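Working notes, structure below.
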Amino acid sequence: MKAVGIIGTGMYVPDRILTNGDLEKMVDTNDEWIVTRTGIRERRIAAEDQATSDLAYEAAVRALGSAKLKPEDVDLIIVATITPDMFFPSTACILQDKLGARKAAAFDLSAACSGFIYALATAVGMLKSGMYRNALVVGAECLSRITDYTDRNTCILFGDGAGAVVLGEVPEGRGFRSFELGADGSGGPLLKVAGGGSRLPASAETVESRAHYIQMAGNEVFRFAVRIMGSVAEEALRKAGIDKKDVDLLVPHQANIRIIQAALSRLELPEEKCMINLDRYGNASAASIPIALAEAVEQGRIREGDCLVLVGFGGGLTWGASVLIW
Ligand code: ACO
C-alpha cells in the first residue's frame, strides 16, 4: 500500500474576539477562574453572516494553496462538524460547490471533538486502498450558534474556527503510521444537544427549555478526558511501533489546559513538545486539532521527518489518536 500523508494545511478563525472580560459582563464568572480552570483567555466568534461552510471554505483554500492543488483536482471532501450549516445538504457539499471542486465526492462526519481524527482515518483508508488519489479533510465549527451564553459552565469554553489538510501520496517512510479510534455511546448523555433531531423535534417547548444548546456534565467529561487522552495516544504509538520518547510534537484537542497537562504527564513529554493555542481560540471542537496543526506549521515548529501524535476526545463519547511522520 502506498504511503499517505499531509501535503497541505490551512486554518481560518473569524475576526471577532470574545475575551474572558467580555464573558464577565454576561455571566457570573471571572478571568482568574476561567484561566486557572481551563487555560482559555479568549475565543473567536463567527460574524452573523458566516456559517460553518464559510469558515471551512477559507481554511480549505489555504490548505489547497499550500498543497499546490486546484479545487477541480480534489477527489474527496470530508467535513467533520457538529455545527453543519443545516441538516442537509451536508456542509461538505456546500463547500464542494463554493470551491468548484466538481470532481470530488463529499460528505460530513459527526464525531464531535474527535471528528477530525475520525475523518482523517476514513480518508487515509480510502487513499491507501487506491480508491482516490487525494482528499481534503476539514474540521469546522460555529459552536457559538449552539452555546448557551446564560450558562457559565459551558459558555466560557467554546469558540469558532476551521482547519483543513490535504492528503496525498508521500515518499515511503513518511505519512500516517497508525490510527486508534474508540467510542462509548453509554456516555452520550454527558455531552449533547438534545433538541432539533428526530427524538425531540424543534418546537416552541424545545426553544423554551434551551434544548438546542450544548448541555454538558463538565466534571464527568473532564475525568473521562484525563483518562482517555494519554491512553489512546499510547495505544496509537504502540500500533505504530514508535516509542513515546521519539515523539517530536503532540497536537491535542484544545479543550482544557489541565486535560492536556495530564496527557503530557502520562506520555512523559515536556510542554515544549506540545502545540497549545487554546488560550487564544478556546475549544473549537472538530476544528481545534487542524487549527493547532496548521498554526504549528506556520510557526515552523514541524520539520521533515518529525514524529507527530494527534489526539482528541469528545461527545459520543468518542476518542481517537493518530501517529504520523511529517
Ligand atoms: N465561572 C466561575 N465559576 C464557575 C464557572 C465559571 N465559568 N463554571 C462553573 N463554576 C463553578 C461551579 O458552579 C462550581 O461551583 P460549586 O462548587 O459552588 O458548585 C465550581 O465552579 C467548580 O465547578 P467544577 O465543574 O467542579 O469545575 P471544574 O474544575 O471541573 O471545571 C470545566 C469545569 C472547566 C468545565 C471542566 O470540568 C472541564 O473542562 N470539563 C471538560 C469539558 C470538555 O472538555 N468538554 C468537551 C466538550 S467538546 C464537544 O464534544 C462539543
Side-chain angles (χ1 to χ4, degrees), residues 18-43 52 80-84 109-119 139-162 181-185 187-196 212-230 232 252-263 276-279 281-292 311-320:
L18 182 71
T19 65
N20 291 349
D22 297 327
L23 286 163
E24 285 178 4
K25 295 177 199 127
M26 297 158 70
V27 288
D28 179 15
T29 190
N30 59 77
D31 176 59
E32 200 261 329
W33 191 96
I34 301 173
V35 172
T36 52
R37 296 298 181 101
T38 71
I40 300 166
R41 293 180 187 276
E42 55 186 49
R43 58 294 283 145
T52 296
T81 186
I82 49 165
T83 48
L109 189 149
S110 170
C113 306
S114 316
F116 182 72
I117 308 251
Y118 267 71
E141 302 284 8
C142 278
L143 290 179
S144 60
R145 302 287 150 77
I146 57 166
T147 296
D148 184 350
Y149 287 100
T150 66
D151 176 10
R152 70 175 185 174
N153 292 297
T154 54
C155 74
I156 57 155
L157 299 172
F158 303 116
D160 300 338
L181 304 176
D184 174 10
L190 298 178
L191 190 49
K192 63 176 193 239
V193 174
H212 297 280
Y213 292 126
I214 297 171
Q215 292 158 352
M216 181 179 74
N219 224 274
E220 284 159 80
V221 174
F222 184 88
R223 283 201 298 273
F224 151 72
V226 162
R227 184 167 46 79
I228 206 73
M229 285 270 275
V232 67
H253 173 45
Q254 309 281 316
N256 185 316
I257 190 70
R258 294 183 292 144
I259 295 172
I260 293 175
Q261 281 160 348
I276 299 170
N277 61 7
L278 58 74
D279 50 325
Y281 303 134
N283 176 352
S285 193
S288 87
I289 292 174
I291 289 175
V311 60
F313 69 92
L317 300 170
T318 56
W319 55 90

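When a residue number appears, it is its place in the shown sequence, counting from 1. Basis for what follows: all heavy atoms, side chains included, without hydrogens, waters or symmetry-related copies. Just follow the structure's listing: the first ligand is 1, and inside any ligand the first atom is 1. This is a predicted model, so every value here is computed, not measured.
- Those atoms of ligand 1 that come under 4.0 Å of a heavy atom in Ala112, given as number and element, are 50 (O).
- Considering only non-hydrogen protein atoms, atom 43 (C) of ligand 1 sits nearest to Val221 CG1, 3.8 Å.
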* To do: Take Arg43 and Asn20 through the side-chain contact (heavy atoms from CB on, under 4.5 Å) test and state the conclusion after the steps.
  => CA-CA 9 Å; Arg43 58 294 283 145; Asn20 291 349; 2.9 Å; yes
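- Any N or O atom pair closer than 3.5 Å counts here, and Gly218 shares at least one such pair with ligand 1.
- Of all protein heavy atoms, the one lying nearest to atom 8 (N) of ligand 1 is Trp33 CH2, 3.4 Å.
- Taking each heavy atom of Ala287 and Gly139 in turn, the nearest pair found is CB-O, 3.3 Å.
- Atom numbering of ligand 1 starts at 1 in the shown order; those under 4.0 Å from a heavy atom of Arg258 are 28 (P), 29 (O), 31 (O).
- Put simply, the side chain of Asn283 never gets that close to the backbone of Gly159: no donor and acceptor are under 3.5 Å apart.
- Between Ile260 and Gln254, the closest side-chain pair of non-hydrogen atoms falls below 4.5 Å.
- The atoms of ligand 1 that sit less than 4.0 Å from any heavy atom of Arg37 are 22 (C), 27 (O), 28 (P), 29 (O).
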* **Step-by-step side-chain hydrogen bond (donor to acceptor under 3.5 Å, both in side chains) determination, Ser144 to Asp160** => CA-CA 6 Å; Ser144 60; Asp160 300 338; 2.6 Å; yes
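- Of the candidates Ile214, Val27, Thr29, Thr29 brings a heavy atom nearest to atom 1 (N) of ligand 1.
- Rounding to the nearest 0.5 Å gives a distance of 5.5 Å between CG of Leu18 and CE of Met26.
- Not one N or O of His253 is nearer than 3.5 Å to an N or O of ligand 1, by distance alone.
- Here the closest non-hydrogen pair linking Ala286 and Ala112 is CB-O, 3.6 Å.
- Heavy atoms of Thr154 found under 4.0 angstrom from ligand 1: none, in either backbone or side chain.
- Near Ile82, with a cut-off below 4.0 Å to any heavy atom, the atoms of ligand 1 are 51 (C).
- Between the CG atom of Leu181 and the OG1 atom of Thr318 there is a distance of 9.5 Å, given to the nearest 0.5 Å.
- Atom 42 (C) of ligand 1 has its closest protein heavy atom at Met216 SD, 3.6 Å.
- Atom CD of Glu24 is separated from atom CG of Asn30 by 6.0 Å, given to the nearest 0.5 angstrom.
- Less than 4.0 angstrom separates some heavy atom of Thr38 from each of these atoms of ligand 1: 34 (C).
- Looking only at heavy atoms of the protein, atom 12 (C) of ligand 1 is closest to Arg152 NH2, 3.9 Å.
- In this structure, atom 45 (N) of ligand 1 has protein heavy atoms in its sub-4.0 angstrom surroundings.
- In this structure, the separation between CG on Asp279 and CD on Glu42 is 7.5 Å, given to the nearest 0.5 Å.
- Taken to the nearest 0.5 Å, the CD1 atom of Ile34 stands 5.0 Å off from the CD1 atom of Ile156.
- The closest non-hydrogen atom to atom 38 (C) of ligand 1, taken over Asn219, Asn256, Ile34, comes from Asn256.
- Protein heavy atoms are absent from the 4.0 Å sphere centred on atom 14 (C) of ligand 1.
- Among protein heavy atoms, the minimum distance from atom 9 (C) of ligand 1 is reached at Asn153 OD1, 3.1 Å.
- Residue contact annotation: Cys113 has a non-hydrogen atom under 4.0 Å from ligand 1.
- Between Val27 and Cys155 the shortest side-chain heavy-atom distance falls below 4.5 Å.
- Annotation for ligand 1: atoms under 4.0 Å from non-hydrogen atoms of Ala255 are 44 (O).
- Not a single protein heavy atom sits closer than 4.0 Å to atom 32 (C) of ligand 1.
- Counting only heavy atoms, the protein gets under 4.0 Å from atom 48 (S) of ligand 1.
- In this structure, Leu191 CG and Phe313 CZ are separated by 8.5 Å, a value rounded to the nearest 0.5 Å.
- Proximity of atom 19 (O) of ligand 1 to the protein is not indicated, since no non-hydrogen protein atom lies closer than 4.0 angstrom.
- Annotation: Gly315 places an N or O atom under 3.5 Å from an N or O atom of ligand 1; distance criterion only.
- Near Ile156, with a cut-off below 4.0 Å to any heavy atom, the atoms of ligand 1 are 7 (N).
- Which parts of ligand 1 touch Gly314 is read off a 4.0 Å heavy-atom cut-off, strictly below it: atoms 50 (O).
- Considering backbone and side-chain atoms alike, Asn283 places every N or O at 3.5 Å or more from each N or O of ligand 1.
- Within the 3.5 Å criterion, the main-chain N or O of Ile40 finds a donor-acceptor partner in the side chain of Thr38.
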